[in-house]
Peer 1: 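I'd like to ask you about the structure that follows.
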Amino acid sequence: MHRFILLIPLVLAYQSDSSKQLEEFKDITKIPIGFMTTSNGAMVETKHGSSTLNTRLIYNEYFMDSLTHFSRERIPERVVHANGAGAFGFFEVTHDISHICKARLFSSVGKKTPIAIRFSTIANERGASNTVRDARGFAVKFYTEDGNLDIVGLNQPTFVLKDPLFFTTFAHTMKRNPATDLPDANAKWDFLTLRPESWNTFIRVFGDRGIFDGYRYMPGFSIHTYQVTNEAGTPYFVRFHFIPNAGEKTLTSEQAAKIQSTDPDYEKRDLYRAIAAGNYPSWLLALQILSLDDVKNADIDVFDITKILPVDKYPLHHVGQLVLDRTPENFFAEVEQLAYNPANLVPGIQGGVDKLFEARRLSYRDALYYRLGANFNNIRVNCPFNTKPLTYNRDGRPPVKDNQKSNPNYHPNSFNGAVSYVDFNYFEVLQIIEREPNNTEQIRDFYLYGMSDEERNRLIENIRSSLVSAARFLQKRAIALFESIHPDFGYRVDQALASNFTMPF
């Protein structure tokens, strides 16, 4: 009873200053919330809860319950995107796109859909600093009436490779050396120079966009070009852009290093404090929209996730606003267990047509089974609570909830179990032919025209500080790669490395 009464004020407490959470809990509750119990619900007698000395341990159920649970508190952390933060809010439609996409979350102006957003660094482990130089995850879960829609993107507009065969290689080289358990510049630069298409992303990571001044100043991108359909079954192709209404704000390497020394959780703390103060972070959702004819007549591969779709050719169309107005009440329950999957799609949104998206449909699901069990969609934060799931999945590791009660557990059946629906205007997901990527032109344009002189200076210094630890043959290979992008790029990196070698010690 006490817990029910305290539910609303507890929610308010978690919107306050995160550093004073326990003090605020005490101010709100005034008296103890109730009698402590074991996980079985049995109340704990004072003698059992105060000491085990000179007693028989196995008869102290509080001791046995807490100690055996303690060894099982952790679940496998995410191999990538392990370190992050999440918050909750809503998406509101501001512009009608029903002629493009029939998904019901876009069905009318003013319609609101609950959302959960998780932000994360990619390479770092849990507990590492937020303010490292890295691309970051920007994942949005829409709790729609047709099931959950997950847009699992990044804060950069491109990805480092288009062939999923090399993803595990990429992840391994960005993490720790298996022998030394230390970051390895040789592995990192070996990959970056062997896969030159990665530089359409890494020129931004090593530039000013490599460290944002908090998640609320960070943009998000779907990376993939998604196929969507309208009610008539006409296909369109879109890229999602999440544009921070507070504007983009970044940190230099020096500023980030100073913050890391005093507050490694800076970005998470900034997010929570902003929400607590009622300064709710928000993003404009906009789409680049292409017709089937646009796809056929494009002079670039619009499905190549290592390439940017030029905004001047495919302009942004406003769709709505995303607002975060609630922080998690319990981080493990609501963020560590928050499960995103690119395969979580809804009628009208068919996903990316490229090979990497196809691979992600498998790998994300497999990771969730490993971390959270086959029933991860029954975990409260992952439940499609705006609809009623009717599935033929049964049993497995909890939570199973009602396990679909007495419904038939096989399909098809003759006993009125759930049946599939018919979409008479269904359009198959496009099949495409993908070729080896070549993004030198886009990288060159960004280096020449997408950066100021000061930004280029910082780019060169950030590359130097990372590349200087790599083997000399990798440095030469990197310089040659940069020269192929633009002679000035290679020359300046070469000079920066040379000056480092001649510095007095």
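Please read all numbers here as calculations on a predicted model, not as lab measurements. Throughout, numbering of the chain's residues begins at 1 and tracks the sequence.
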Peer 1: Indicate, with yes or no, if the rings of F138 and F242 have centres closer together than 6.0 Å.
Peer 2: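 Yes, the ring centres sit under 6.0 Å apart.
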Peer 1: Tell me whether E334 is salt-bridged to R326, with the criterion being a basic N under 4.0 Å from an acidic carboxylate O.
Peer 2: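 Salt bridge between E334 and R326, a charged N being under 4.0 Å from a carboxylate O: yes.
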Peer 1: Take a 6.0 Å sphere around OH of Y449 and say whether it holds more than 12 heavy atoms from other residues, nucleotides or ligands.
Peer 2: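 Counting neighbours around OH of Y449, 12 or fewer heavy atoms of other residues, nucleotides or ligands fall under 6.0 Å, so no.
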Peer 1: Let me see the working for F482 and Y447 under ring pair (Phe, Tyr, Trp, His ring centres under 6.0 Å), right down to the final yes or no.
Peer 2: CA-CA 10 Å; F482 298 145; Y447 177 78; 9.0 Å; no
Peer 1: Count the heavy atoms belonging to other residues, nucleotides or ligands that lie under 6.0 Å from CZ of R380, then report whether that count exceeds 12.
Peer 2: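 No - once you tally the heavy atoms of other residues, nucleotides and ligands closer than 6.0 Å, there are 12 at most.
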Peer 1: Atom NZ of K102 and atom CG of N425: how far apart are they, to the nearest 0.5 Å?
Peer 2: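 Interatomic distance, K102 NZ to N425 CG, rounded to 0.5 Å: 7.0 Å.
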Peer 1: For the CG atom on D402, are there more than 12 heavy atoms of other groups (residues, nucleotides or ligands in this structure) within a distance under 6.0 Å?
Peer 2: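 For D402, atom CG is crowded (more than 12 foreign heavy atoms under 6.0 Å).
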Peer 1: When you look at L430 and L292, which way does the side-chain contact (heavy atoms from CB on, under 4.5 Å) test go after all the steps?
Peer 2: CA-CA 10 Å; L430 211 62; L292 189 56; 4.3 Å; yes
Peer 1: On the 0 to 90° scale, with breaks at 30° and 60°, tag the F303-F237 ring pair as parallel, tilted or perpendicular.
Peer 2: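 Ring orientation, 0 to 90° scale: perpendicular.
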Peer 1: Decide, yes or no, whether a salt bridge links K355 with E358 under the criterion of side-chain N to carboxylate O below 4.0 Å.
Peer 2: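 Yes, charged N to carboxylate O under 4.0 Å.
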Peer 1: Decide if atom NE2 of H69 counts as having more than 12 heavy atoms of other residues, nucleotides or ligands within a radius under 6.0 Å.
Peer 2: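 12 or below, so no.
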Peer 1: With side chain to side chain contact (heavy atoms under 4.5 Å, CB included) as the test, pick out the partner of D395 among V400, N375, N409, N403.
Peer 2: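 Only match with D395 under side chain to side chain contact (heavy atoms under 4.5 Å, CB included): N403.
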Peer 1: Taking the six-membered ring for Trp, are F170 and F191 closer than 6.0 Å centroid to centroid?
Peer 2: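 Between F170 and F191, the centre distance is under 6.0 Å.
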Peer 1: Could you check, using the six-membered ring where one of them is a Trp, whether Y217 and W283 have ring centers closer than 6.0 angstrom?
Peer 2: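 No; W283 has its ring centre 6.0 Å or more from that of Y217.
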Peer 1: Quick one: pull up NZ in K401 and CG in N378 and give me the separation to the nearest 0.5 Å.
Peer 2: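 Separation between the atoms: 5.5 Å.
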Peer 1: Which is it for W199 and F446 under the ring pair (Phe, Tyr, Trp, His ring centres under 6.0 Å) test, yes or no, and what are the steps along the way?
Peer 2: CA-CA 11 Å; W199 275 94; F446 187 74; over 10 Å; no
Peer 1: Check the pair V132, S129 against side-chain contact (heavy atoms from CB on, under 4.5 Å), reporting the backbone distance first and the verdict last.
Peer 2: CA-CA 6 Å; V132 295; S129 173; 4.2 Å; yes
Peer 1: Show your reasoning for whether side-chain contact (heavy atoms from CB on, under 4.5 Å) applies to L324 and I115.
Peer 2: CA-CA 8 Å; L324 294 179; I115 60 171; 4.3 Å; yes
Peer 1: Inspect the contact between R74 and E336 and indicate whether a charged nitrogen and a carboxylate oxygen are less than 4.0 angstrom apart.
Peer 2: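 Looking at R74 together with E336, the answer is no, because their closest N to O distance does not fall below 4.0 Å.
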Peer 1: Assess whether a salt bridge exists between D366 and R371, defined as any Lys/Arg side-chain N lying under 4.0 Å from an Asp/Glu carboxylate O.
Peer 2: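 A salt bridge is absent here (no side-chain N lies under 4.0 Å from a carboxylate O).
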Peer 1: Just do the side chain to side chain donor-acceptor pair (under 3.5 Å) check on E77 and N83 with the steps written out, would you?
Peer 2: CA-CA 9 Å; E77 77 170 34; N83 187 33; over 6 Å; no
Peer 1: For the pair H241 and F221, name the ring-plane relationship: parallel under 30°, tilted 30 to 60°, perpendicular over 60°.
Peer 2: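 Rings of H241 and F221: perpendicular, over 60°.
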Peer 1: So does D208 pair up with R458, basic N to acidic O under 4.0 Å?
Peer 2: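 Between R458 and D208 there is a salt bridge, with a charged N closer than 4.0 Å to a carboxylate O.
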Peer 1: In plain terms, say whether R195 and D163 are close enough for a salt bridge, that is, a side-chain N and a carboxylate O under 4.0 Å apart.
Peer 2: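 No, this pair does not count.
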Peer 1: Just do the side-chain contact (heavy atoms from CB on, under 4.5 Å) check on R133 and S253 with the steps written out, would you?
Peer 2: CA-CA 8 Å; R133 185 166 298 282; S253 295; 2.8 Å; yes
Peer 1: Is the distance between the ring centroids of Y364 and Y340 less than 6.0 Å?
Peer 2: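 Centroid distance Y364-Y340: not below 6.0 Å, so no.
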Peer 1: Applying the side chain to side chain contact (heavy atoms under 4.5 Å, CB included) criterion to N344, which one of I151, D150, I349, V152 satisfies it?
Peer 2: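 Going through I151, D150, I349, V152 one by one, the side chain to side chain contact (heavy atoms under 4.5 Å, CB included) with N344 is satisfied by D150 alone.
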Peer 1: Salt-bridge test for R477 and D190: reply yes if a basic N is under 4.0 Å from a carboxylate O, no otherwise.
Peer 2: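 Answer for the salt bridge query: yes.
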Peer 1: May I ask you to say whether R216 pairs ionically with E267, meaning some side-chain N is under 4.0 Å from a carboxylate O?
Peer 2: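 The answer is no: the pair does not qualify as a salt bridge.
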Peer 1: To the nearest 0.5 angstrom, please state how far the CG atom of D184 sits from the NE2 atom of H172.
Peer 2: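 Going from CG on D184 over to NE2 on H172, the span is 13.5 Å.
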Peer 1: Might you work through the side chain to side chain donor-acceptor pair (under 3.5 Å) test for H224 and R360, ending with a clear yes or no?
Peer 2: CA-CA 11 Å; H224 304 274; R360 293 178 80 195; 2.9 Å; yes
Peer 1: Tell me which one of T113, N386, V93, D146 satisfies side chain to side chain contact (heavy atoms under 4.5 Å, CB included) with L105.
Peer 2: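 Per the side chain to side chain contact (heavy atoms under 4.5 Å, CB included) rule, the option paired with L105 is T113, out of T113, N386, V93, D146.
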Peer 1: I need the L316 CG to L287 CG distance, nearest 0.5 Å.
Peer 2: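 The CG atom of L287 is 8.5 Å from CG of L316, to the nearest 0.5 Å.
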Peer 1: Taking the basic N atoms (NZ, or NE/NH1/NH2) and the acidic carboxylate oxygens, is any pair closer than 4.0 Å for E441 and K307?
Peer 2: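 A salt bridge is absent here (no side-chain N lies under 4.0 Å from a carboxylate O).
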Peer 1: Parallel, tilted or perpendicular: which describes the rings of F91 and F142, with under 30° parallel and over 60° perpendicular?
Peer 2: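 Ring orientation of F91 relative to F142: perpendicular.
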Peer 1: Hey, does R104 have a side-chain heavy atom less than 4.5 Å from the side chain of T144?
Peer 2: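 No, too far: nothing below the 4.5 Å cut-off.
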Peer 1: Does a side-chain N-to-carboxylate-O contact under 4.0 Å join E436 and K162?
Peer 2: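 Answer for the salt bridge query: no.
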Peer 1: Tell me, yes or no, whether the heavy-atom count around F332 atom CZ, taken from other residues, nucleotides or ligands under 6.0 Å, exceeds 12.
Peer 2: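 Buried by this count: over 12 neighbours within 6.0 Å.
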